[in-house]
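Accompanying notes for the structure given below.
Per chain, numbering begins at 1; letters A, B, ... match sequence-line order.
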Amino acid sequence: MSRSLVIGAVLSAVFVLAALVSFVWTPYDVLGLDIPNKLKEPSAAHWLGTDHFGRDIFSMIMVGARTSIAVAIVAVGIGMLLGVPLGLAAAARTGTLLDEVIMRGNDLVFAFPSLLIAIMITAVFGASAVNAIIAIGIFNIPVFARLVRGAALSLWTRDYVLAARVSGKGAARISLEHILPNVTNLLIVQGTIQFSLGILAEAGLSYVGLGAQPPTPSWGRMLAESQTMFSFKPHLAVFPGLAILLTVLGLNLLGDGLRDALDPRLRRAKR
Amino acid sequence: MSLLRVENLDVSIHGTPVLKGVSLALEAGEILGVIGESGSGKSMTALAILQLLPEGARAAGRIALSGHDMLALDEAALCGLRGNEVGMVFQEPMTALNPIQTIGAQVAETIRIHEDVSRKEALARAAQALRRCELPQERFPLSRYPHELSGGQRQRVVIAMAIALQPKLLIADEPTTALDVTTQAEILTLLKRLAREDGMGLMLISHDLAVVADMADRIVIMRQGEVVESGACPAIFGQLTHPYSKALLAASDHQPERAGHVFEAPLLQVKNVVRDYALPRAGLFGGARKFRAVKGVSFDIRRGESLGLVGESGCGKSTLTRAVLGLEEVQGGEILLDGAPVFSGKRPNRAVRRKMHVVFQDPYGSFNPRWKVGRLVAEPFHLLDDAPEGRAAAIAEALEKVGLSGEDAEKYIHEFSGGQRQRIAIARALIIKPELIILDEAVSALDVSIRAQILDLLADLGTRFGLTYLFISHDLSVVRNVTDRCLVMQAGEIVEEGATEDVFERPRHDYTKQLIAAVPQLPSK
């Protein structure tokens, strides 16, 4: 097993675990205020200190992981569920009207700066975690559609696809049986990258107040709230910032490591 | 003193020996043929001479190139020698040139790396080198890009780059393997002429005995990193002593025994088939344009017969194959298998497809790498309306027919060698018990000894199961040995048709004569 896979898996597992544990237990209640203990430096009682309402930062990061991971998973899921079939269909019918319609539609979505449209969607439909998920998800669709179409086009010229056609298999079946399994590596790597981008996008939206709404803790809003106190209480910004950094790093390493581990040819090379 | 002297060369890569005590010598003006199958170490020997060995490789022994001890020189000194004293030509002309630079700039670059000359002078000398390689400026100006040239012309550019500085040694590693037979003959003649004119030593590496036999003054036969036999050519062919060399010579011209019965009734009928491809429109308001790849082709294959289809790349034989397989609709004519059309309406005819299957050229690209062999072999079952009973037994039976074991069904395709993969491809074609098997360059990518085994297997299967073969190949010697009748295709048309022996002995059409004359011949034993 490669080192990047181990490091990536450990980092990702730590945050997933933190998110899961936060459902049943956190060191402190993240909704309760404790003004006398506000702005405490890290200590034995509050491992990562407290914020300006006296809430425990360690607990907030645990619950914030839950928000981030939930938003990113659903957003990547939307992107894959819609993008992958679109890409497969475009590749199977390349050069036809269907291909044109799908890919130009993707171009249209791609043409807008994603965060801007996310802000617009949340502005029109209201700021909420659900709207943030939808906004981020929509922008994942063309990413996956393009990726899959590009990879599938080269796979369609392979002799084994020709052999499948000689065996009477249609485009849909070939896409499912031959094309999709051979693009999963790419999907896993791109999926983890999009997952980390989703976490960043959620943090960005929350930072400007358009993501998860208070009092639900979110890494992005923790950063925003710490802004005015950053010069004298840097730990308020450093810990949520580190949480974002380490999660994104861990996911990227995990994606790379998984790609190598899942490929039967690379697996043989290591034996 | 010899131009090149390699003595007791040992090379290992990460501890695995790849060359064991290789010794060979080459005089100025001499052509040395190096023959071997894949993995014999012939390319590794060339890379060792240039000191371009892959990472992790260690070389021991002695390589003396015109007085330089190649193993002792540092990288800077080696760079001064490469291109200047020794040039190299590779197999694949499509990837050996930079697609975004003109051919003139690429040849001139070689000159400017080694000599302090002006750009203008370098270009003038590049033009001269290209002219020597039969690419005159009137027809092939320096401003051409690689994509504007054919494969043979590109290989000429690569050769021009290699000889621009008139090196003392030219190493050509399978220079014609990717080329058609007539182009191959031209390139070989060119290499021979250049070697003679410049008094240059030429090391010609090839898997093809006949190519080397035609050209070389002396030959070296390699196997698994060792030289098994060497001597003057063509005399050596009469006095081969090592069993491997003898086997190699026998395999090169292997004639499998076939004993199938040919019936009079046609199995496949191709009648006036026309296949057009749409080209991009000429401009925004230009009309639709099309390219006619197959121009009214007609032929029959009788049941039990083995029919050859030969032609050079671009002649339309692959297009015709796809049409016969019912993968693409034809624009004119009809294709009948056992009297039923392979393509009816807009859909391929499943009942007809059950009766034929195909084996492709590339043993590596023909299989989905994520499937196990059993699933790969069973794929044609999709053509049957209901799943067959005893699927596992059928898979095992098909694998056993081609000389593999039923347990191989549980393995992945990457665990097999090229020859074994081609056997698996044949098993896949056989599993639904078809009547017609189309072999699309099915043995072209294989080493000669493996090729002989696969040809024997095909002949044996043909006899046992009464199979009919359509054997498509650019390799005329193989077609001659395994077919009853053959067709010669040129530019979308069949120009000659007849019994294989007649076509090869008494070709009528000029193109057929040209093709046959271009085939390198093994010296008669």
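Neither the backbone nor the side chain of B:R354 comes within less than 4.5 Å of any heavy atom of chain A. Both the backbone and the side chain of B:L383 come within contact range of chain A, with heavy atoms under 4.5 Å apart. Proximity to chain B (any heavy atom under 4.5 Å) is shown, for A:L162, by both the backbone and the side chain.
More than 12 heavy-atom neighbours from other residues, nucleotides or ligands sit within 6.0 angstrom of OH on B:Y364. More than 12 heavy atoms of other residues, nucleotides or ligands lie within 6.0 Å of CZ in B:R375, so this atom counts as buried by the packing criterion. The neighbour count for B:Q331 CD, taken as heavy atoms of other residues, nucleotides or ligands under 6.0 Å away, is above 12.
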> What do the steps show when you test B:E379 against A:H178 for side-chain contact (heavy atoms from CB on, under 4.5 Å), and what is the final call?
Replying inline: CA-CA 11 Å; B:E379 185 163 42; A:H178 287 290; 2.5 Å; yes

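With chain A as the partner, the residue from B:A429, B:A425, B:P380 showing the most heavy-atom pairs under 4.5 Å is B:P380. For chain A, the option among B:V359, B:L327, B:L325 with the highest count of heavy-atom pairs below 4.5 Å is B:L327. The most heavy-atom pairs under 4.5 Å with chain B, out of A:R173, A:E177, A:R158, come from A:E177.
To the nearest 0.5 angstrom, B:W371 atom CH2 is 10.0 Å from A:N182 atom CG. Note: A:N185 CG to B:R370 CZ = 4.5 Å, rounded to the nearest 0.5 Å.
Heavy-atom minimum distance, A:A163 versus B:F360: N-CE1, 3.7 Å. The shortest non-hydrogen separation linking A:Y160 to B:P369 is CE2-CD, 3.8 Å.
A side-chain donor-acceptor contact under 3.5 Å links B:R353 to the backbone of A:R165.
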